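Letters A, B, ... mirror the listed sequences (proteins, then strands); counts begin at 1. All figures in this text were calculated on a predicted structure; none of them were measured in a lab. Hydrogens, waters and symmetry mates are skipped; everything else that's a heavy atom, side chains included, is used.
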Amino acid sequence: MKALSIRGLTKTYRNGVKALRGIDLDVDEGGFFALLGPNGAGKTTTIGIITSLVTKTSGSVQVFGYDIEHELARAKSCIGVVPQEINFNQFEKIFKIVVNQAGFYGLPRRKALERAEHYLRQLQLWEKRDHIARSLSGGMKRRLMIARALVHEPRLLILDEPTAGVDIEIRRSMWGFLREINGQGTTIILTTHYLEEAESLCRNIAIIDDGRIIENDTMARVIGKLSQETFVLNFREPVSDPPSLPGYVTRMTDDHTLEIDVSKEQGLNAIFGKLTESGHEVVSMRNKVNRLEELFMRLVESRGASGAGGS
Amino acid sequence: MATTRTLGRSGEPSLARAHRIGLETIVRREYGRIIRIWGQTLLPPVVTATLYFIIFGSLIGRRIGQMGGYDYMQFIAPGLIMMSVITNSYGNVVSSFFGAKFGKHIEELLVAPLPNWLIVLGYISGGVMRGLLVGLVVTLVSLFFTHVPVHHPLLVVASVLLTAVVFSLGGFFNAIFAKNFDQISWFPTFVLTPMTYLGGVFYSVSLLPDWAETMSYANPILYMVNAFRYGFLGASDVSLGVAFAIMGTFAIVMFTVVVTLMNRGTGIRE
């Protein structure tokens with residue numbers, strides 16, 4: 001079954017801005033899906049329409065088969081949403097925020113109290129339950145929004161930039177938590193600026209740019225489309241002349257560092273062989289940018305270039 | 001962040017039950033807000049009412065003598081109670097709903113499977129609660145200054161309830177369109193307060209020149225104050241039937257308008 005099915009979705013704001021220009025998107029039940037795009041591409045508008053915070057101009061959206069136009073309450077009850085911006089009452093106590101949200105979804109009081117405790121404990125916020133929300137750190141506020149979104153145990157969890165501004169330790173811990181939630185059957189849709197996050201967590205990906213879906217496939221196939229990667233090699237000793245590596249495009253960025261473009265057909269063994277022969281000792285190597293990031297930039301740039309050419 | 005989902009999925013509760021729980025939650029939250037900020041919600045009306053009773057009732061009222069067959073203090077008591085109910089039911093909803101819009105936590109309600117009429121009903125219940133609580137407190141204050149007879153208790157309850165509903169809806173209407181805090185204080189300051197003062201709280205409209213008396217009948221607050229006063233004193237400047245018809249009509253029309261605006265997403269959805 002499709003957790004989410006979008007057809008021909010458009011949105012034109014009152015100021016004339018066309019945020020969505022007819023997108024189609026399917027997310028399978030149980031999937032972990034990344035929706036990526038540059039700022040202003042239409043990610044948050046798409047999420048806003050799915051969660052009914054934004055009114056669509058045309059097209060259809062179905063959540064687990066419930067059309068948001070005709071069965072909105074049913075569709076809403078399937079969704080939990082973690083928005084990009086803080087949207088709880090900052091002067092309310094943490095426990096009350098989560099309990100109230102359970103009540104808004106029709107959970108009886110006793111169950112609401114149980115669930116709120118359960119998820120606040122899971123997200124390590126139980127000790128803070130009687131604190132005013134405003135007193136929480138940025139990372140805790142994000143976790144509070146996740147606990148609130150999960151309290152009615154939605155079948156589809158939508159997270160809009162959930163780890164923005166969160167330190168790396170908490171980010172990794174949240175990744176683990178999201179993987180487990182997904183493992184238990186919750187479909188997850190994620191937007192993020194951390195492409196490493198999308199590559200690490202998601203099995204499927206759609207890239208949206210200027211209100212259109214420009215790529216929609218499994219993560220493995222999308223990454224497979226990357227024809228070339230750039231590696232950065234660090235030498236133990238300073239190098240005065242760049243080493244000779246026929247067939248490869250290389251650049252010395254300083255006397256210890258070499259950048260080298262490697263296409264899919266070329267291996268890395270030959271590079272190391274030649275460097276060893278010429279007496280260059282490599283102490284470390286890394287991708288210049290994240291693979292997904294590289295692909296993302298190429299897709300967006302090539303679209304930008306073709307768009308500029310056409311206008 | 002360990003995840004052991006020990007609790008099962010909620011299933012699909014009946015819509016009516018889910019709505020009842022949703023409404024209870026909004027009302028409980030609104031009640032909690034009124035009590036939590038009692039220094040802003042319940043205390044100021046006590047101070048204001050006490051000053052009115054001291055200045056207009058005890059000091060000036062003694063020189064005025066009787067009005068409508070009652071001591072001036074007895075005459076103004078129902079009007080002052082009603083004035084507090086109007087101001088507070090309006091103020092509660094306008095500040096609570098606009099605050100939720102401003103702080104974006106209105107989204108908690110908008111993403112939940114709650115119909116808009118129920119969200120409106122929840123906020124209106126909060127406004128009515130505060131209006132009645134403040135009305136009760138001001139009534140207790142009035143008992144320190146005068147004896148207020150109650151001729152028709154049901155009329156007292158019906159008129160105060162309807163008035164609180166109408167002005168709670170008024171507050172909601174204001175909050176829907178408000179874009180900043182100035183716009184939630186503009187209407188109470190420049191429209192509501194003058195209308196309340198000119199709505200027969202401190203005087204019987206029969207004392208006014210003909211043209212002013214005629215104009216006063218266009219003020220809906222006059223009917224509310226007089227229906228309420230009739231419940232206490234058995235005396236009114238207006239027909240009770242007309243008064244309740246006006247209050248009922250305002251309540252129904254305003255509820256319909258506010259729910260329609262919510263359904264259209266005015267002020268809350270892009």
Side-chain angles (χ1 to χ4, degrees), chain A residues 11 13-14 45 48 51-55 72-77 79-81 83 85-92 96-97 99-109 111-112 114-115 118 121-124 143 148-150 152-153 155 170 173-174 176-181 183-186, chain B residues 1-33 36-37 40 95-97 99-119 122 262-270:
Chain A
K11 173 66 188 178
Y13 285 102
R14 250 175 291 179
T45 299
T51 55
S52 84
L53 292 175
V54 176
T55 311
L72 182 60
R74 294 272 182 226
K76 279 176 167 181
S77 64
I79 303 173
V81 61
E85 288 179 45
I86 304 299
N87 73 340
F88 48 71
N89 186 347
Q90 303 252 14
F91 299 98
E92 197 109 52
K96 276 193 178 166
I97 288 172
V99 170
N100 282 343
Q101 194 68 11
F104 299 150
Y105 280 84
L107 260 70
R109 184 89 178 149
K111 193 161 233 172
E114 275 175 27
R115 291 262 186 95
H118 178 72
R121 281 189 189 282
Q122 283 205 336
L123 286 144
Q124 297 164 6
R143 279 185 277 151
R148 186 186 61 178
L150 286 171
H152 65 288
E153 300 199 334
R155 297 167 71 187
I170 292 175
S173 162
M174 277 165 74
F177 179 76
L178 294 175
R179 270 194 203 101
E180 290 193 44
I181 289 282
Q184 289 160 14
T186 306
Chain B
M1 280 177 228
T3 59
T4 45
R5 205 179 272 202
T6 51
L7 299 158
R9 291 201 183 279
S10 57
E12 292 190 350
S14 83
L15 214 55
R17 184 159 176 258
H19 286 176
R20 181 181 58 74
I21 294 170
L23 180 63
E24 274 174 20
T25 308
I26 301 174
V27 172
R28 189 182 290 118
R29 192 180 71 168
E30 286 302 293
Y31 177 75
R33 178 182 169 275
R36 190 175 69 237
I37 53 168
Q40 294 172 48
S95 62
S96 181
F97 191 71
K101 267 176 59 174
F102 189 77
K104 285 186 166 288
H105 50 274
I106 189 62
E107 291 179 4
E108 291 180 338
L109 289 169
L110 298 180
V111 299
L114 297 170
N116 288 322
W117 62 263
L118 194 132
I119 295 174
M262 285 285 284
N263 287 341
R264 285 171 51 181
T266 308
I268 51 164
R269 284 189 170 91
E270 299 258 22

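A distance of 9.0 Å separates CG in B:Leu109 from CG in A:Asn100, rounded to the nearest 0.5 Å. Distance check, rounded to the nearest 0.5 Å: CD1 of B:Ile21 to NZ of A:Lys111 gives 10.5 Å.
With contacts defined as side-chain heavy-atom distances shorter than 4.5 Å, the pair B:Glu108/A:Ile97 qualifies. At least one side-chain heavy atom of A:Glu92 sits less than 4.5 Å from a side-chain heavy atom of B:Arg29. Proximity of A:Lys96 to B:Arg28: side-chain heavy atoms (C-beta onward) are nowhere separated by under 4.5 Å. The side-chain heavy atoms of A:Asn87 and B:Glu107, taken from C-beta on, include a pair separated by under 4.5 Å. Looking at heavy atoms from C-beta onward, A:Phe104 lies in side-chain contact with B:Ile26 at the 4.5 angstrom threshold. A heavy-atom distance below 4.5 Å is found between the side chains of A:Pro108 and B:Arg17.
For a residue to count as touching a neighbouring chain, one of its non-hydrogen atoms must lie under 4.5 Å from one of that chain's; by this rule A:Leu53 touches chain B with backbone and side chain alike. In this structure, chain B has a heavy atom under 4.5 Å from the backbone of A:Ile86, while its side chain stays farther away. With a threshold of 4.5 angstrom between heavy atoms, B:Arg33 does not approach chain A through any atom at all. Interface remark: A:Tyr13 contributes side-chain atoms only to the contact with chain B (heavy atom separation under 4.5 Å). For B:Leu118, no part lies under 4.5 angstrom from a heavy atom of chain A.
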Before giving the answer on side chain to side chain contact (heavy atoms under 4.5 Å, CB included), spell out for A:Gln90 and B:Lys104 the whole-Å C-alpha distance, their side-chain angles and the decisive distance to 0.1 Å. CA-CA 10 Å; A:Gln90 303 252 14; B:Lys104 285 186 166 288; over 6 Å; no
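Minimum heavy-atom separation, A:Ala73 to B:Pro113: O-CB, 3.4 Å. Nearest approach of B:Val111 to A:Val81, heavy atoms of both residues: CG1-CG1, 4.1 Å. A:Asn89 and B:Arg36 make their closest contact through ND2-NH2, 4.4 Å (heavy atoms, listed as atom of the first residue, atom of the second, distance).
Annotation: B:Arg20, atom CZ; neighbour count of heavy atoms from other residues, nucleotides and ligands within 6.0 Å is above 12.
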